[in-house]
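A quick write-up on the structure given underneath.
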Amino acid sequence: SITSWDWDFGDGQTLCCTTPNPCHTYAIPATYIVCLIAQNTHGDTNKVCHSVIVNPLPVITAGPNSIICLGQSTAQLSASSVHAAVTYSWSPSYGLSCTTCPNPTCNVQFSNTYTVTVTTANGCTNTATVSVAVGPLPFVSVIANTTICAGDTAFLAANASNGQTPYNFYWSPPNNLNNPTLQNPHAAPSITTQYTFTCTDAIGCKADTTVLITVMPQPCSFGVNEISLNELVSIYPNPTTGKFTIQMDNGKLSIENYQLSIYNVLGECINQQIIKSPNQQIDLSFVPNGIYFLQLLNSDGIISKKIMEEK
C-alpha cells in the first residue's frame with residue numbers, strides 16, 4: 001500500500017507526505033504541471049504528472065452607486081464582466097425587477113446594498129456590490145388661501161424642510177411675481193390665480209403644494225364668508241416710522257408661539273422672532289424705508305401681512 005504522497009503543484013509549492021487528496025489554491029491563472037510521487041511500503045516509487053488549467057475569475061463591476069427619491073424614481077443597476085458571463089444572480093431580491101438579468105431596475109422604500117454574483121462558462125464566480133440610497137422628499141407648506149383687492153399685493157410665504165439642502169424654489173405660473181425662484185416672492189395678480197410652489201432639494205427630490213389668491217374687483221370689501229386668517233391679524237400704525245404693533249384676534253386664533261419672519265422685497269429674511277402676546281410690539285427702526293412682508297407661522301397656518309416703513 002502507498003505510504004507517502006509527494007506533491008509538486010507546479011507553482012513552486014509542494015506538499016509532503018501524508019495527504020492523498022490535497023487542496024491547493026493558485027494565485028495566478030495559467031496552465032500548471034502537477035506531479036505526484038507516490039511510495040509504497042517496499043520503498044518503490046512512481047511518478048505521474050498532469051496539466052491543470054487555472055482560469056481567471058471574472059472581473060465584474062456593479063456600479064455606480066445611486067440615490068433615488070422616495071416614491072418618485074427608480075435606480076438602474078448594471079453589472080458587467082470582462083469575461084463572458086453565463087449567469088447573473090442578484091441578492092437580496094427586494095425591489096428588483098429581476099434577479100437573474102444583468103441590468104435590473106430597483107424601486108425601494110429603504111436604502112439597500114445589492115450583491116451580484118457572476119458565473120462564467122468555466123464555472124468561475126465573482127461578486128460585486130452596489131448601493132442604492134433612498135432620499136426623503138422635502139416637506140413644504142405655504143400661506144393659507146388669501147383674498148386681496150384688485151391692485152394689491154399678496155406675499156407668497158412658503159416653508160421647506162426635510163430632504164437635503166440647499167433647495168431650489170419655483171412658483172408657477174410666474175406671471176405677476178417679482179421673482180418666481182424666491183422662496184417668498186410677492187404677487188400682484190390681476191385675476192384670481194392658483195400658484196404652485198415646487199421645492200427641489202440637492203439630490204433632485206421634489207415636493208409641491210398650491211395656494212389660491214382670490215382677486216376681488218374694486219370697489220373691494222370682504223364679506224363674512226371671505227374672512228381669512230390674514231383678516232384676524234392687524235398691524236398699526238401702517239405706515240410706520242419704525243415701531244408697530246401686531247394685534248391678533250385671540251378669540252379665533254391660538255396665540256401660542258407664532259414664529260414671525262420679516263422679509264424685504266427681494267425675499268430676504270431680515271428678522272425672526274417668536275410672538276407670544278396677542279398685542280406684540282415690533283421694532284423695525286434698523287431697516288431703511290420701504291415695503292416689508294411679515295409671515296406668522298404656527299398650528300393655525302401661515303399668515304402674511306405687508307407693512308410700509310416711512311421715517
Q.
Grouping I, L, V, M, F, W and Y whenever their side-chain heavy atoms are under 4.5 Å apart, do V34 and W5 come out in a common cluster?
A. yes
Q.
Contact between S51 and Y32 at the side-chain level, heavy atoms closer than 4.5 Å - yes or no?
A. no
Q: Indicate whether any N or O donor in one side chain lies under 3.5 Å from an N or O acceptor in the other, for T61 and S80.
A: yes
Q) Can you tell me how far CD of Q295 sits from NZ of K305, rounded to the nearest 0.5 angstrom? A) 14.0 Å
**Q.** Passing option when T198 is tested against N168, T209, D208, V140 for side chain to side chain contact (heavy atoms under 4.5 Å, CB included)
**A.** D208
Q. Do other residues, nucleotides or ligands put more than 12 heavy atoms under 6.0 Å from K311 NZ?
A. yes
Q: Answer yes if Y88 and I60 sit in the same cluster of Ile, Leu, Val, Met, Phe, Trp and Tyr residues linked by side chain heavy atoms under 4.5 Å apart, and no otherwise.
A: yes
(Q) Return the OG1 to CD1 distance between T214 and I191, rounded to the nearest 0.5 Å. (A) 11.5 Å
Q: Ignoring hydrogens and angles, state whether a donor on the side chain of Q281 or D283 is under 3.5 Å from an acceptor on the partner side chain.
A: no
**Q.** Hydrophobic cluster identity match, V108 and V130, side-chain contacts under 4.5 Å
**A.** yes
Q) Would you say the side chain of F293 lies within less than 4.5 Å of the side chain of H186, judging by non-hydrogen atoms? A) yes
Q. Counting distance only, does the side-chain N/O of S277 pair as donor-acceptor with the main-chain N or O of N279 below 3.5 Å?
A. yes
Q | Aromatic ring proximity, centroids under 6.0 angstrom, H24 and F9 | A | yes
Q. Do D201 and Q164 have side-chain atoms, one donor and one acceptor, less than 3.5 Å apart?
A. no
Q | Donor-acceptor pair between T120 and N122 side chains, under 3.5 angstrom | A | yes
Q. Under 6.0 Å between ring centres, would you say that holds for Y292 and Y263?
A. no
Q: Ignoring hydrogens and angles, state whether a donor on the side chain of T99 or S93 is under 3.5 Å from an acceptor on the partner side chain.
A: no
(Q) Could you see if L284 belongs to whatever hydrophobic cluster contains L296? Use Ile, Leu, Val, Met, Phe, Trp, Tyr and a side-chain cutoff under 4.5 Å. (A) yes
Q) Roughly how far, to the nearest 0.5 Å, is SG of C69 from CG of L137? A) 6.5 Å
Q: Just grab all the ring pair (Phe, Tyr, Trp, His ring centres under 6.0 Å) pairs involving residues 94-136, residues at least two apart or on different chains.
A: none
Q: Calculate, to the nearest 0.5 Å, the distance between atoms CG and CG belonging to L156 and L182 respectively.
A: 10.5 Å
Q.
Please determine whether residues V118 and V54 belong to a single hydrophobic cluster, defined as Ile, Leu, Val, Met, Phe, Trp and Tyr linked transitively by side-chain heavy-atom distances below 4.5 Å.
A. no
(Q) Could you measure the distance from the CG atom of L70 to the CG atom of N162? Nearest 0.5 Å is fine. (A) 9.5 Å
Q: Side-chain contact test, heavy atoms from C-beta onward, threshold under 4.5 Å: evaluate it for N238 versus M308 and give yes or no.
A: yes
(Q) Contact between Y195 and L177 at the side-chain level, heavy atoms closer than 4.5 Å - yes or no? (A) yes
Q.
Set out, in order, the CA-CA distance, both residues' side-chain angles and the distance that settles ring pair (Phe, Tyr, Trp, His ring centres under 6.0 Å) for F244 and Y236, then state yes or no.
A. CA-CA 6 Å; F244 61 92; Y236 64 88; 9.3 Å; no
Q: Flag the pair D8 / Q13 as yes when at least one side-chain heavy-atom distance between them is below 4.5 Å, and no otherwise.
A: no
Q: Working to the nearest 0.5 Å, report the span between CG of N112 and OG of S131.
A: 8.5 Å
(Q) So V287 and I270, do their side chains get closer than 4.5 Å, heavy atoms only? (A) yes
Q. Do we see a donor-acceptor contact under 3.5 Å between the side chains of E309 and T240?
A. no
Q. Q194 versus I213: any side-chain heavy-atom pair under 4.5 Å?
A. no
Q) Do I307 and I262 have side-chain heavy atoms sitting under 4.5 Å apart? A) no
